[in-house]
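Encoded as structure tokens, the structure appears first; notes follow it.
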2 protein chains.
Amino acid sequence: MMSDTVQPTGSKPAQPDGSPPVQEAAPAFSPLYRQIKQRLVRSLQAAEWQPGQAIPSEMELAARFQVSQGTVRKAIDELATDNLLVRRQGKGTFVASHAEQATQYRFLRLVADAAPHEGTDTRLQRQLLTCRRMRAPAEVVRQLALKPGDPAVQVQRLLLANRPEGPVPMVLEDLWLPGTTFKGLSAERLVAWRGPMYRLFEVEFGVHMVRAEEKLRAVAASAEDAALLAVPAGSPLLLVERLAYTYGDQPMELRRGLYHTEHHHYRNELS
Amino acid sequence: MMSDTVQPTGSKPAQPDGSPPVQEAAPAFSPLYRQIKQRLVRSLQAAEWQPGQAIPSEMELAARFQVSQGTVRKAIDELATDNLLVRRQGKGTFVASHAEQATQYRFLRLVADAAPHEGTDTRLQRQLLTCRRMRAPAEVVRQLALKPGDPAVQVQRLLLANRPEGPVPMVLEDLWLPGTTFKGLSAERLVAWRGPMYRLFEVEFGVHMVRAEEKLRAVAASAEDAALLAVPAGSPLLLVERLAYTYGDQPMELRRGLYHTEHHHYRNELS
DNA sequence: CAGTGGTCTAGACCACTAG
DNA sequence: TAGTGGTCTAGACCACTGA
């Protein structure tokens, strides 16, 4: 590791080095704690610490970066609000992961209408339909920022709710991943995996999903989709198009979900 | 105003007064800055400062509450993240309102599919359908925490997108408000008002909406709704049920929206 | 008990706004 | 230039965890 000192980008400590005064009208001023934050993100991106693992203590990081503990603290605070890190008093600060119970299906906003009765199994069953490798279609190339001709992995699956009368289809998902990053992904691995798919991505491919953007629409079920979801053709379905990002705002997954919302709904909090 | 000193609720400064040691297993510990935060919320609730107005400076508040500036700062920081306050460097801290350009339709997540062309009018026209006063229906009583028999105001309206070929219906809204709080609300006032409805609520009724919860579903258009939205009966529509809250988590508005999502979508960010 | 994050303070200085 | 919020520091002490 090399010199790790940090300087504010402000104009007060006149830069003695011949650094160019090219101000592109935007950069303005980046406080120290944001530079620390960026460094931490880069460390996460470089997988210096794995999801679920602890990062160094605030004191250690302060020493490494040659700043006060308070400055490191502010950087970590922001990363914690961004859900990149998780603070645990008395224990340390940990890299966020999709393994913990609390955040397991963080991006799935579908909930049952009625308050679940005591003992109702709210977990969803999974049923893999397809998992294949191919050249990425144009739309996938565009959204995942691939190069034309790059490989992609397509996965299709059903999520089913556990009802007394048996499992009923609830969500039909169709998702696309960059083929180079997800080289070893196969139907076998997907079927064998217990737990959230995003956790599998962390464990097997070192990819942690940080955030996502979704576009929602109401659509009529095609004959094909209707059959898979066991609803009449033409039924209204909630179409959820998701673009999920990993560290550094890099798009990593394109997911198209069809939700059957007769007894469930998509929950959202506005503020 | 009375004594304004604050004490941590922690156990270290042994309470000399005979305050009961009843620990209900939950309260745990409330840091100073959270108590300050609560006080500020109560001041907002009491309309001590109006939406859009500046609150006292950090130094003034620190003096008033007998704490350091840093503690006030942390309280305000949280209120700013909660969107109750807005900080403006060099100017002061202001009570959030639905008047500013940036946050005008903060709760409306409907956006056009295509990037709007230069000069396209993205604003929506409003067309009031009904505004009437009545005894609140059971569902409204429940959701708005009213008493049975309490009055309510029902408003129905259309939002229309401006297209080259003229305005086309996009959203059909049906909303319910507590009749006592919204005593003077009438069709005339609604029609005359220019700007966001939530801003009208602030100006005329002193009600500021802080946050909201939404439940989304795909439904088939009824004959009636279809006619108003100018779509075929049975068309898939996005049903958005919103419960909006004012200061202190008090439910204040129940809104049911039907979105036509053929050329628009509901945008959501997950993190 | 040592080590972690969490709170609170006091003071210096910077960035931004407006008179 | 005065007043606001924003950053950074250093130090003291508290709350929580686990050995």
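Here is how names work: the chains are called A, B, and so on, in the same order as the sequence lines, proteins then strands, and each is numbered from 1.
Atom C1' of nucleotide C/dT7 and atom CD of B/Gln69 are separated by 16 Å, given to the nearest angstrom. We find that CE of B/Met59 is positioned 10 Å from P of C/dA10, with the value rounded to whole Å. Residue B/Arg73 contributes atom CZ, which lies 12 Å from atom C1' of D/dC8 at whole-angstrom precision. Spacing between atom CD of B/Gln53 and atom C1' of D/dT4 amounts to 17 Å, rounded to whole angstrom units. The NZ atom of A/Lys37 sits 15 Å away from the C1' atom of D/dT7 (whole-angstrom rounding). The separation between A/Asp77 atom CG and C/dC8 atom P is 14 Å, rounded to whole Å. One interatomic measurement links the two molecules: CZ of A/Arg34 to C1' of C/dC14, which rounds to 16 Å at whole-angstrom precision. We find that CD of A/Gln89 is positioned 7 Å from P of C/dT7, with the value rounded to whole Å.
The ring pair (Phe, Tyr, Trp, His ring centres under 6.0 Å) pairs that include a residue from residues 78-102 of chain B are B/His98-B/Phe107, B/His98-B/Tyr198, B/His98-B/His208, where partners are two or more places apart or lie in different chains. Applying the salt bridge (charged side-chain N to carboxylate O under 4.0 Å, His left out) test to residues at least two apart or on different chains, none of the pairs has a partner in residues 91-101 of chain A. Listed by first then second residue, pairs satisfying salt bridge (charged side-chain N to carboxylate O under 4.0 Å, His left out) with a partner in residues 51-60 of chain B read B/Glu58-B/Arg73, B/Glu58-B/Arg87, not counting sequence neighbours.
Between C/dT7, D/dC8, C/dT4, one nucleotide has an atom nearer to the side chain of B/Phe29 than all others, and that is C/dT7. Minimum atom distance to the side chain of A/Arg87 is reached by C/dG5, of the listed D/dG6, D/dA15, C/dG5. Closest contact between the side chain of B/Lys91 and the listed nucleotides C/dT7, C/dT9, C/dT17 involves C/dT17. Relative to the side chain of A/Ser68, the nucleotides D/dG6, D/dT9, C/dT7 differ in distance, and D/dT9 lies closest. Among the nucleotides C/dG5, C/dT4, D/dC8, the one closest to any side-chain atom of A/Glu58 is C/dG5.
Partners of A/Ser68 according to the side-chain contact (heavy atoms from CB on, under 4.5 Å) rule, which considers only residues two or more places apart in sequence or in another chain, are A/Thr71. With sequence neighbours excluded, the residues forming a side-chain contact (heavy atoms from CB on, under 4.5 Å) with B/Val191 are B/Leu128, listed by chain and number.
Interatomic distance, B/Arg255 CZ to B/Met197 CE, rounded to the nearest 0.5 Å: 5.5 Å.
Dashed line: the shortest gap from a side-chain N or O of A/Thr71 to OP1 or OP2 of D/dT9 is under 4.0 Å. Look at B/Ser57 and you'll find a side-chain N or O under 4.0 angstrom from OP1 or OP2 of D/dT4. In this structure, B/Lys74 does not reach the C/dC8 phosphate: none of its side-chain N or O atoms is under 4.0 Å from OP1 or OP2. For the OP1/OP2 pair of D/dT17 and a distance below 4.0 Å, the side-chain nitrogens and oxygens of A/Arg88 include no atom meeting the criterion.
Of the listed residues (B/His265, B/Glu269, B/His264), just one forms a side chain to side chain donor-acceptor pair (under 3.5 Å) with B/Arg267, and that residue is B/Glu269.
Helical stems in DNA chain C, defined as runs of 3 or more consecutive Watson-Crick or G-U wobble pairs with donor-acceptor distances under 3.5 Å: C:1-18 with D:1-18.
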